[in-house]
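See structure below.
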Amino acid sequence: MKREDISQAVGNISTRHIQEAECYSAVAPKASFFHRPFGRAMIAAVLALCLLVGGIGILSPFGGGMVVTAYAYGTEEEITPAGAVMSTGTISDSGEMTGHPLMFFLAGKDIATVRFSCKNQMLNFVDWTEKRDEYGNAQNFTVPYGEDEDEYYFLLIDWVPTGTIRELTDHADSTIAALPEELREDVIVMEITFENGKTATKAITVSLLDDGTFFAAFHDYNVSDADAFVDRPDSEAIPREILYGAEQIS
Amino acid sequence: MLEDREIIDLFYARSEQAIIELSEKYGAVCRKVARNILNNEQDAEECVNDAYLGAWNTIPPQRPKPLLTYLCRIVRNLSVTRYHANTAAKRNSVYDVALDELESCLASPVTVETELSAKELSGLLDQFLDTLDQKNRVIFVRRYWYSDSVADIAARLGLRPNHVSVRLSRTREKLRTYLRKEGYTI
């Protein structure tokens with residue numbers, strides 16, 4: 001498609017989209033409530049309730065209300081406990097990959113850190129805000145999330161089935177259907193610590209299907225003695241001078 | 001400042017005051033759209049004036065609603081036409097950069113059978129935009145229709161420029177995926 005055609009196509013989009021973009025403005029935070037007597041009374045009541053609920057919460061062994069969800073990068077579809085076939089990447093019997101089979105980000109509130117542990121394959125971690133350490137070909141690492149929830153959207157975890165690709169590429173007679181279980185199944189454990197000190201453990205399990213697509217599900221997880229991979233030490237971060245140095249190789 | 005309806009009534013009455021009111025109310029937005037594309041103050045001003053003339057020639061019989069979008073569309077069309085006609089223009093406007101981004105997303109080798117026409121792509125873009133959440137949709141349209149700079153969009157939406165860039169990058173990737181799903185090779 002020629003440059004002129006693209007320009008023309010964009011120029012002819014619907015009026016409602018153009019008008020929406022012209023009229024849209026960011027929602028300003030409402031502060032006036034806090035200055036009203038009624039607002040102050042409400043805040044006091046809510047604080048009292050929070051103290052009560054918080055007290056109960058501290059005594060509770062579970063992180064009630066600490067909700068974390070995972071979304072697939074590219075489609076931004078939620079990865080649910082029921083699971084779904086990822087539409088963002090595939091692999092063939094010859095080991096040829098298309099796209100990213102499982103690239104995701106987390107959403108939630110008040111996440112302090114997340115420790116990622118990948119059992120069989122490799123993870124890349126990219127921080128598009130460029131504030132945090134990043135990791136490549138790593139299996140265990142810890143990411144500080146922080147109080148700005150807007151930034152969670154930009155913290156991407158890219159699961160790369162390196163072992164599977166190598167096996168299929170190096171052995172011409174190998175097929176997906178004949179791969180051993182450890183090259184078809186994987187789990188990414190996420191040990192989440194919230195700002196209030198509570199913790200939760202989640203996992204994404206991923207399976208390679210016979211047709212070269214990947215099935216992933218996000219759910220609660222209990223780390224057991226059998227999960228030795230979680231105890232591996234954290235990988236080294238990619239040195240920032242390599243990522244953001246002035247003399248990058250283009 | 002007059003309501004759109006009142007300005008249109010002036011056009012219908014063939015009063016030149018219509019142009020003055022139009023310029024006062026929407027001149028700044030129109031000039032920005034033209035400047036983004038042309039990167040030249042004088043060209044932009046001429047395109048905006050031509051757009052006023054275009055409005056004069058088409059109202060009546062038309063009674064556009066919303067008036068601003070109607071006017072901006074004329075400005076954009078005139079500016080893009082001038083941009084393409086001006087062969088000596090250096091590729092340094094915000095429009096160029098925005099178009100480069102989209103071109104790298106959409107313009108790869110295609111077969112004749114699967115190549116999209118501009119009209120088809122417009123329809124698909126509309127459908128695709130409906131799949132986005134409002135903020136990402138607004139960012140996309142501000143960037144590729146209004147040719148706003150990333151910094152301008154960030155200021156308008158209260159986001160950091162870096163975040164706008166990332167959102168745009170993701171939306172372009174989603175667009176590629178969407179077009180593929182619709183059966184087009186890009």
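Just so it is clear: chains get the letters A, B, ... in the order the sequence lines come, proteins before strands, and each one is counted from 1.
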Take a 6.0 Å sphere around [atom1] of [X] and say whether it holds more than 12 heavy atoms from other residues, nucleotides or ligands.
| X | atom1 | result |
| --- | --- | --- |
| Q134(B) | CD | yes |
| E78(A) | CD | yes |
| E195(A) | CD | yes |

- Task: Select all residues of residues 51-80 of chain B having any heavy atom within less than 4.5 Å of some heavy atom of chain A, and report them by number, or 'none'.
- Result: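 Counting heavy atoms that sit under 4.5 Å from chain A, the residues of residues 51-80 of chain B involved are P66(B), L68(B), T69(B), R73(B), R76(B), V80(B).
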- Item | Inter-chain contacts: residues 7-14 of chain B against chain A, heavy atoms under 4.5 Å |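 At a heavy-atom separation under 4.5 Å, chain A is reached by no residue of residues 7-14 of chain B.
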- Task: Counting only heavy atoms closer than 4.5 Å, note whether Y73(A) contacts chain B via side chain, backbone, both or neither.
- Result: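 Contact with chain B is through the side chain of Y73(A) alone.
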- Item | Contact origin within S87(A) toward chain B - heavy atom pairs under 4.5 Å |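 Answer is side chain: those atoms of S87(A) sit under 4.5 Å from chain B.
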- Measure from the side-chain N and O atoms of R142(B) to the backbone N and O of A21(A), and report whether any donor-acceptor pair falls under 3.5 Å.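 At least one qualifying donor-acceptor pair exists.
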Spacing of [X] atom [atom1] and [Y] atom [atom2] [to the nearest 0.5 Å]:
| X | Y | atom1 | atom2 | value |
| --- | --- | --- | --- | --- |
| Y144(B) | S7(A) | OH | OG | 13.5 Å |
| H17(A) | F140(B) | NE2 | CZ | 10.5 Å |
| E173(B) | M103(A) | CD | CE | 9.0 Å |

- Determine, step by step, whether R156(B) and Y24(A) satisfy the side-chain contact (heavy atoms from CB on, under 4.5 Å) criterion, reporting the C-alpha distance in whole Å, the side-chain angles of both residues, the deciding distance to 0.1 Å, and the verdict. CA-CA 9 Å; R156(B) 188 183 188 95; Y24(A) 183 89; 6.0 Å; no
- Proximal component of Y146(B), with respect to chain A [non-hydrogen, under 4.5 Å]: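 Looking at Y146(B), just its side chain touches chain A.
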- Item | Proximity breakdown for D130(B) and chain A, heavy-atom pairs closer than 4.5 Å |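 Both backbone and side chain.
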- Atom of S122(B), atom of A9(A) and distance for their closest heavy-atom approach: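 Where S122(B) meets A9(A) most closely, the heavy atoms are OG-O, 2.6 Å.
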- Could you tell me which of V141(B), D126(B), V29(B) has the largest number of non-hydrogen atom pairs under 4.5 Å with chain A?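 Maximum pair count with chain A is reached by D126(B).
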- Item | Greatest number of heavy atom pairs closer than 4.5 Å to chain B - which of T15(A), I13(A), N12(A) |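 When all of T15(A), I13(A), N12(A) are compared, I13(A) has the most.
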- Message: Could you check whether R170(B) makes a cation-pi contact with F105(A), meaning its NZ or CZ is under 6.0 Å from the centre of the six-membered ring and within 45° of the ring axis?
- Response: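 Satisfied, under 6.0 Å and within 45°.
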- Task: Taking heavy atoms only and a threshold strictly under 4.5 Å, list by residue number the residues of residues 204-218 of chain A that touch chain B; give 'none' if the list is empty.
- Result: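 Listed by number, there are no contacting residues, so the answer is none.
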- What residues of residues 154-167 of chain A sit under 4.5 Å from chain B when you count only heavy atoms?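 Result: F154(A), L156(A).
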- With a 4.5 Å limit on heavy-atom distance, are the side chains of T177(B) and T88(A) in contact?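 Of all side-chain heavy-atom pairs linking T88(A) with T177(B), none is under 4.5 Å.
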- What do the steps show when you test Y153(A) against R167(B) for side-chain contact (heavy atoms from CB on, under 4.5 Å), and what is the final call? CA-CA 9 Å; Y153(A) 182 76; R167(B) 280 174 184 269; 4.0 Å; yes
